[in-house]
Amino acid sequence: MTETRTVMASLDALCAAVPGVETAVYMDMNQGTVLCASARVQVPQERLDTLCAMAATLLGQGEDREDEALILSATETLLLHRARRNAGEALGVVCAPGGDLANTLAQTRETLDSLAEAA
């Protein structure tokens, strides 16, 4: 029997397991709402709201939607993944620059898929 984890526990596990992950945010893009967040340091609510708005803009809706987006800057890397079962939800991860993107992408997708299975 598979152990069902809460969203918070899943986000905490992602932050702990993947080097460089600073913040993980599960969001409802349709409502513009952060459903849950885990971070190594306290993140202002305004920053979380901005991440949610960025996800809605970058991942889009309807036929023009994307399943993933990646933003690289000198100070951070932002990964956004749309949920497969509920297209209005997404997982965003803020990482330190220069990390292992392939591993982070894989772990982020695995976390999002496990959340969908638990729902």
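Only this structure's heavy atoms are used, side chains among them; waters, hydrogens and symmetry mates stay out.
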**Min side-chain heavy-atom separation T111-V93 under 4.5 Å** = no
**Fill in**
Residue pairs meeting side-chain hydrogen bond (donor to acceptor under 3.5 Å, both in side chains), one or both in residues 68-79, sequence neighbours left out, come to R47-E76, E68-H81, S73-T75
**Message:** Does anything in residues 12-36 form a salt bridge (charged side-chain N to carboxylate O under 4.0 Å, His left out)? List the pairs, not counting sequence neighbours.
**Reply:** none
**Message:** Could you check whether atom CD of Q45 has more than 12 heavy atoms from other residues, nucleotides or ligands sitting under 6.0 Å from it?
**Reply:** yes
**Prompt:** Say you draw a straight line from CG of D113 to OG of S10; how long is it, rounded to the nearest 0.5 Å?
**Reply:** 11.5 Å
**Prompt:** Same cluster for L11 and L35 if Ile/Leu/Val/Met/Phe/Trp/Tyr side chains link at under 4.5 Å?
**Reply:** yes
**Asked** Do V43 and V94 come close enough that some side-chain heavy atom pair is under 4.5 Å?
**Response** no
**Asked** Does T57 use its side chain to pair, donor to acceptor, with the backbone of M54 at less than 3.5 Å?
**Response** no
**Request:** Mind checking the CZ-CG spacing from R85 to L115? Nearest 0.5 Å is all I need.
**Result:** 11.0 Å
**Request:** Quick one: pull up CD in Q107 and SG in C15 and give me the separation to the nearest 0.5 Å.
**Result:** 12.0 Å
**Message:** If hydrophobic clusters are built by linking Ile, Leu, Val, Met, Phe, Trp and Tyr wherever their side-chain heavy atoms come under 4.5 Å apart, do L112 and M8 end up in the same one?
**Reply:** no
**Side chain proximity check, M27 to T33, heavy atoms < 4.5 angstrom** = no
**Message:** Determine whether a donor-acceptor pair (N or O, by modelled atom type, separation under 3.5 Å) exists between the side chain of R82 and the backbone of L59.
**Reply:** yes
**Spatial distance of atom CG (L79) from atom SG (C95) [nearest 0.5 Å]** = 4.5 Å
**Prompt:** Side chains of T108 and L91: closer than 4.5 Å at any heavy-atom pair?
**Reply:** yes
**Asked** Hey, are the side chains of L48 and T23 touching, using non-hydrogen atoms and a 4.5 Å cut-off?
**Response** yes
**Request:** Following the transitive rule for hydrophobic clusters with a side-chain heavy-atom cut-off under 4.5 Å over Ile, Leu, Val, Met, Phe, Trp and Tyr, establish whether V34 and I71 coincide in one cluster.
**Result:** yes
**Message:** Is there a side-chain contact between L78 and L70 in this structure, where contact means two heavy atoms from C-beta onward sitting under 4.5 Å apart?
**Reply:** no
**Message:** Is there a continuous path of hydrophobic side-chain contacts, each under 4.5 Å between heavy atoms, that joins V25 to M29?
**Reply:** yes
**Asked** For the residue pair A74 and P97, what are the closest heavy atoms and their distance?
**Response** O-CG, 3.5 Å
**Heavy-atom closest pair, residues G88 and N30** = CA-ND2, 3.5 Å
**Message:** Tell me which pairs pass side-chain hydrogen bond (donor to acceptor under 3.5 Å, both in side chains) where either residue lies in residues 88-104, with sequence neighbours left out.
**Reply:** Y26-E89, N86-E89
